[in-house]
Amino acid sequence: MIGMLKNKLRDDMGNMLPFVAIMVLGLLIVFTGITEYMRLQIIAKGVRDAIESAVISVSVENYENVYSPLRESYSGGYKLKNDNWKEVIDSGDVYKELSELLGLEKQEKYYVKKAGESYEYKLSNLEVRVINSSLAPIKNKHKFSAESFINLEVPLSFGWEHLSPMKIRLKVKSEYAAKF
């Protein structure tokens with residue numbers, strides 16, 4: 001019996017089979033890692049584009065405040081009141097726009113994109129900062145713009161829930177530019 005086992009271990013037939021199996025499993029793990037990375041990139045890009053669209057809609061809401069100074073070659077959000085220019089900025093409701101664009105549901109402090117019984121991603125801690133340009137055109141270093149920051153949390157499908165979800169802080173900036 002022991003002699004037969006020694007002969008099987010010394011046999012050269014099929015000795016590449018374990019190596020090929022290990023290579024196939026290794027390539028499968030690398031492929032799933034690459035596809036998971038691509039999935040995370042696609043989700044982050046889609047959320048970034050949706051935030052940009054929502055912030056642009058906030059900028060459009062500010063158009064009435066920007067138009068009258070624009071005629072005087074300024075691009076800031078100001079209105080003339082009693083012989084003085086007063087800053088007028090509307091930050092809008094970006095979460096409402098995002099919910100409509102992405103189909104989000106409000107759950108506690110998160111806005112969640114559902115994927116069946118679990119979630120595809122969560123958004124939280126949105127900050128929108130509207131930056132007004134200065135009133136004097138010679139010293140105008142800043143354009144009328146809006147910066148937004150938001151936390152994005154995406155659970156990983158690679159790792160079978162043993163890995164923590166990807167958490168990043170996205171920054172999106174949009175600027176007002178006159179077409180004429």
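Counting all heavy atoms, side chain and backbone alike, A44 lies closest to L170 at O-CD1, 4.2 Å.
The ring pair (Phe, Tyr, Trp, His ring centres under 6.0 Å) search around F149 returns none, not counting sequence neighbours. Under the ring pair (Phe, Tyr, Trp, His ring centres under 6.0 Å) criterion, Y110 pairs with no residue at all, not counting sequence neighbours. The salt bridge (charged side-chain N to carboxylate O under 4.0 Å, His left out) check on R129 picks up E147, with sequence neighbours excluded.
With hydrogens and angles ignored, the 3.5 Å screen pairs a side-chain donor or acceptor of Y95 with a backbone N or O of L126. Remark: side-chain polar atoms of K109 are not paired, donor with acceptor, to backbone N or O of S124 under 3.5 angstrom. A donor-acceptor pair under 3.5 Å is formed between the side chain of K106 and the backbone N or O of E108.
Around atom NZ of K45, no more than 12 heavy atoms belonging to other residues, nucleotides or ligands sit under 6.0 Å away.
Side-chain atoms of S157 and E36 form a donor-acceptor pair, as typed in the model, at a separation below 3.5 Å.
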If you apply the rule side chain to side chain contact (heavy atoms under 4.5 Å, CB included), what do you find for L152 with L123, and how did you get there? CA-CA 5 Å; L152 171 65; L123 300 173; 3.6 Å; yes
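At least one side-chain heavy atom of T35 sits less than 4.5 Å from a side-chain heavy atom of F31. Looking at L102 and Y121, their side chains come closer than 4.5 Å, going by heavy atoms from C-beta outward.
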